[in-house]
Structure formats: structure tokens, C-alpha cells
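Notes for the one structure printed next.
Indexing begins at 1, ligand by ligand and atom by atom, following the structure's order. The structure presented is a predicted model; accordingly, all values stated were derived computationally and were not measured.
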Amino acid sequence: MPKKYKVKKMDLTEKIKKAERLTQEEGEALYELDLFTLGELADDIRQERFGKKTYFNINRHINPTNVCADICKFCAYSASRKNPNQYTMSHEEILQIAQNSIEKGAKELHIVSAHNPYDGVEWYMGAFRKIREKFPDVHIKSMTAAEVDFLHRQYGLSYDEVLDLMIESGVDSMPGGGAEIFDEEVRAYLCKGKVSSKQWLEIHEKWHNRGKESNATMLFGHIESRANRIDHMIRLRDLQDKTGGFNAFIPLVYQRDNNFLNVKEYPTGQEILKTYAIARILLDNIPNIKAYWATSTINLALIAQEFGANDLDGTIEKEAIQSAAGAKSSNGMELEDFVALIKNSGFIPVERDSLYNELKVYD
Ligand code: V47
């Protein structure tokens with residue numbers, strides 16, 4: 001039985017036009033608007049802030065190990081689940097990848113690992129130190145809150161100690177991974193034992209309090225409800241009111257292959273676009289809405305530019321987490337192709353750095 005909302009469509013659109021903040025119930029009611037009304041409302045906000053500019057960066061995703069102590073049902077990457085091919089890179093291998101990518105123009109290394117219980121804190125931190133020593137200018141975006149929590153649980157360090165070690169070792173910003181869905185019941189089913197919602201938010205708050213910036217993700221399109229998505233966004237909005245440290249919100253579309261999550265119904269393209277648009281409207285204090293093309297497909301990411309998204313992540317080069325679950329992102333995208341796709345879709349590609357300073361406008 002579909003839920004009936006007391007919120008009137010007129011009141012909702014008026015409120016959005018007046019830039020008034022929406023509640024949980026109003027957020028849920030947004031899904032009842034037709035796609036084009038919602039798209040127009042989200043696009044108005046996007047155009048006011050960014051015009052036709054779409055941000056991206058030249059980045060390299062590195063996933064140094066897939067050996068994982070945690071068991072998340074949605075994950076196809078972890079070697080302890082359906083992926084039998086375990087690997088852990090040495091520091092030398094990580095440095096070699098970094099060098100190759102930096103020589104080809106990468107300005108950001110986005111480093112995300114599984115929760116490897118065998119190699120110690122020094123394996124994680126030593127890699128950052130060595131990259132920093134050799135490449136002082138590259139931006140290191142690394143350590144999801146789930147990884148921070150794992151090092152805390154496995155090695156008895158406090159969150160403060162892990163975060164300070166990250167800064168000493170050269171990490172510049174934190175990626176948004178590990179947030180999944182904050183609702184406690186859904187989360188317990190998806191990834192019991194991993195960082196809790198409260199802890200995820202606490203870790204980002206502590207990071208922001210150190211003057212550092214981060215992103216926030218939401219994994220959607222599996223077993224969660226629309227209400228769960230709105231709740232997730234509102235918890236992020238509340239923290240952002242306190243710290244202002246989130247640069248971007250990234251709704252990650254669930255990829256279905258090679259994992260242990262039994263999903264009956266997948267979201268339609270319309271539902272995905274609505275979710276981007278709602279994120280743009282609801283998250284009035286997080287500047288950038290990223291359509292991460294690896295999970296949405298590049299085609300839908302380009303359309304998402306009309307539905308509130310102003311950022312498409314980057315060229316990626318290599319990627320192992322989403323592609324293990326079926327995404328077509330294992331070899332990234334060539335810069336020329338990426339720029340041409342954004343241009344041909346009627347937007348202005350703008351290369352940004354990792355903290356959203358503009359580097360080059362391709363007009
Ligand atoms: O937290 C795992 C997700 C995330 C699946 O901060 C899956 O700029 C879809 O956080 N289907 C890691 N997603 C990636 C991530 C990220 C990506 C791009 C940009 C940024 C950023 C961060 O990947 C995990 C998890 O939520 N994930 N399995 C799957 N089957």
C-alpha cells in the first residue's frame with residue numbers, strides 16, 4: 001500500500017522556490033512529484049550555483065588490497081566473499097602505480113582498501129608517507145570512515161589517533177565510502193559489524209574539526225526504502241550544519257553482480273534521476289552533487305546533469321570495487337572522451353582539483 005503524504009504539491013514547490021528547508025516527510029513526498037517537475041526544481045538550484053559548469057578531476061583510483069575482515073552482503077570486491085583472487089600490493093607496487101598515473105597527469109590518488117587484518121597500521125600509513133615523500137603535490141584522498149573504524153577495532157587505536165596518523169602521513173582528504181545506508185535496521189542486514197552510522201558521522205566530524213574536508217556517499221537501489229534515503233541525507237545535512245566539512249554528496253547506485261545480497265527490484269533510471277534531484281534540493285548545505293558515472297553508467301550521469309548533479313567524479317583510470325559487482329568502470333575513461341561527452345551533452349567541462357578549486361575550463 002503506497003504511503004499517503006499530507007504535504008501538498010503546491011506547498012512543496014513554493015517552499016523549494018523560496019529555498020526553505022524540507023523535513024523528512026517533505027523529502028519523501030518529493031518522490032511523488034513527476035520526474036520533470038522535480039528535475040526543473042533541482043536544475044534551477046544547480047543553474048543558480050554553477051550555471052552549465054560540470055566539474056570533474058583527473059584522478060586515479062587505487063585499491064591496494066581486497067583482503068577483508070568484514071562481511072558486507074553487497075560487496076563483490078572483498079576476497080573473503082565471492083572473489084577468490086586475494087591480493088595485497090606492496091608499497092613499491094603502490095608507488096609504481098602512483099608514478100605511472102602522475103606522469104600521465106593524475107592530480108588525485110583516490111586510495112580505498114578492504115579491511116586487511118594481516119598487514120598492520122604501518123602498511124596503510126607507510127604507503128601514504130612514501131607517496132607524499134616522492135610526490136609532494138599529488139592530492140591523497142584516502143581512508144573511508146569504515147577503514148578508520150577498522151584500524152581502531154583491529155589495532156586498539158582511538159579514532160583521534162588514526163586521524164592524526166593519517167594527517168602526519170600525508171592524507172589530504174577523506175572519501176565518502178562506508179556510509180552505505182544509515183538506517184540501523186537496514187545497515188545491520190547489509191553490513192553488521194562494520195562501522196555504525198553514528199561512528200561514521202563521528203569520524204567525519206572529528207576529521208572536519210581538524211580543518212579537513214571529506215565527501216559523503218549513500219549506497220542505494222537495493223533493499224532500502226525511499227524514507228531510508230531521505231533519513232540518510234538529513235543525517236548528513238545535520239552534521240554539515242555543525243562542521244561545513246563535506247564537499248560532495250555521492251549517491252552510489254547499487255551494482256548487483258557477484259555478491260550475497262538478494263535484491264528483488266532494481267531502481268529504474270527515473271528513480272535514480274529522482275534521487276539525484278532530491279539530493280540537490282534537500283542538501284541545501286552540501287555544495288556538490290556527484291553523479292559517479294561508474295555506478296550510474298556514463299549515459300545516466302550525463303542526463304543527471306539536468307537533474308541537479310554538477311560533478312561527474314573523474315577519469316578514474318582503474319577501479320576495482322564497483323567493477324567487481326558489474327560496473328563498466330575497470331579501465332576508467334580517457335580525458336578527451338570525458339570532456340567531449342560533457343560538452344556534447346550541453347554542459348561546460350571544468351577540471352577541478354580535489355577541493356573544488358577550478359583548474360581549467362574547457363569552453
Ligand atoms: O563504501 C561496494 C560501495 C564504496 C558496491 O568520495 C558498491 O569521491 C555499488 O566510496 N555497488 C566505495 N557500490 C567507493 C566510494 C567512492 C566512490 C567514488 C567517489 C568517492 C568520493 C567515493 O563502494 C563503498 C560501498 O558503498 N560499493 N559494493 C556495489 N555492489
Side-chain angles (χ1 to χ4, degrees), residues 55-57 59-63 66 68 70-78 81-83 108-115 139-150 171-182 186-187 190-191 194-195 197 200 203-204 207 212-224 232 236 245-263 266-267 272 286 288-297 301 309 311-329 332 352-356:
Y55 292 133
F56 72 95
N57 71 353
N59 59 354
R60 169 60 144 103
H61 284 225
I62 308 178
N63 304 116
N66 64 356
C68 199
D70 282 299
I71 37 170
C72 301
K73 288 194 174 71
F74 52 79
C75 185
Y77 168 65
S78 156
R81 304 292 285 172
K82 279 197 172 177
N83 179 349
E108 171 189 288
L109 302 176
H110 178 160
I111 306 174
V112 175
S113 287
H115 306 161
H139 184 101
I140 304 178
K141 182 168 84 179
S142 191
M143 298 292 292
T144 65
E147 288 172 88
V148 172
D149 177 68
F150 167 71
V171 175
D172 294 296
S173 69
M174 278 175 67
E180 323 311 357
I181 274 282
F182 289 148
V186 177
R187 194 176 185 85
L190 289 180
C191 52
K194 197 165 88 166
V195 66
S197 311
W200 191 98
I203 291 165
H204 280 262
W207 182 250
K212 297 287 184 185
E213 295 167 39
S214 67
N215 291 336
T217 57
M218 172 178 78
L219 181 66
F220 77 106
H222 42 85
I223 56 161
E224 88 294 350
H232 188 99
L236 290 172
F246 289 120
N247 278 328
F249 176 64
I250 309 152
L252 298 170
V253 184
Y254 168 66
Q255 308 294 301
R256 60 192 77 168
D257 292 350
N258 307 318
N259 65 25
F260 286 83
L261 189 58
N262 224 338
V263 174
Y266 297 105
I272 295 169
I286 299 188
N288 301 290
I289 303 297
K290 184 189 284 192
Y292 180 48
W293 63 267
T295 67
S296 62
T297 73
D311 183 22
L312 299 191
D313 196 73
T315 46
I316 298 178
E317 200 180 326
K318 288 265 177 241
E319 189 283 317
I321 299 177
Q322 270 81 25
S323 51
K328 304 281 175 280
S329 49
R352 59 163 174 83
D353 69 12
S354 304
L355 303 179
Y356 287 84

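At a heavy-atom cutoff of 4.0 Å, ligand 1 is contacted by both the backbone and the side chain of Pro175. Residue Asp313 touches ligand 1 through its side chain alone, judged by heavy-atom distances below 4.0 Å. The proximity of Ile250 to ligand 1, defined as any non-hydrogen pair under 4.0 Å, is limited to the side chain. With a 4.0 Å heavy-atom cut-off, ligand 1 is reached by the side chain of Gln322 but not by its N, CA, C or O.
In this view, Gln322 and Leu252, Gln255, Tyr292, Thr295, Glu319, Ala327, Ser329 satisfy the side-chain contact (heavy atoms from CB on, under 4.5 Å) rule, not counting sequence neighbours.
With ligand atoms numbered from 1 in the order given, ligand 1 contributes 2 (C), 28 (N), 29 (C), 30 (N) to contacts under 4.0 Å with heavy atoms of Phe74. Each of the following atoms of ligand 1 lies closer than 4.0 Å to a heavy atom of Gly177: 1 (O), 10 (O). Set against the non-hydrogen atoms of Ile321, the atoms of ligand 1 under 4.0 Å away are 2 (C), 23 (O).
At least one donor-acceptor pair under 3.5 Å links the side chain of Arg187 to the backbone N or O of Ala179. Not a single donor-acceptor pair under 3.5 Å links the side chain of Asp311 to the backbone N or O of Asn288. Without hydrogens or angle criteria, Asn59 side chain to Ile316 main chain gives a donor-acceptor distance under 3.5 Å.
When the heavy atoms of Glu108, His110, Gln255 are ranked by distance to atom 30 (N) of ligand 1, first place goes to Gln255.
Note that the OH atom of Tyr254 and the CZ atom of Phe220 stand 13.5 Å from one another [nearest 0.5 Å].
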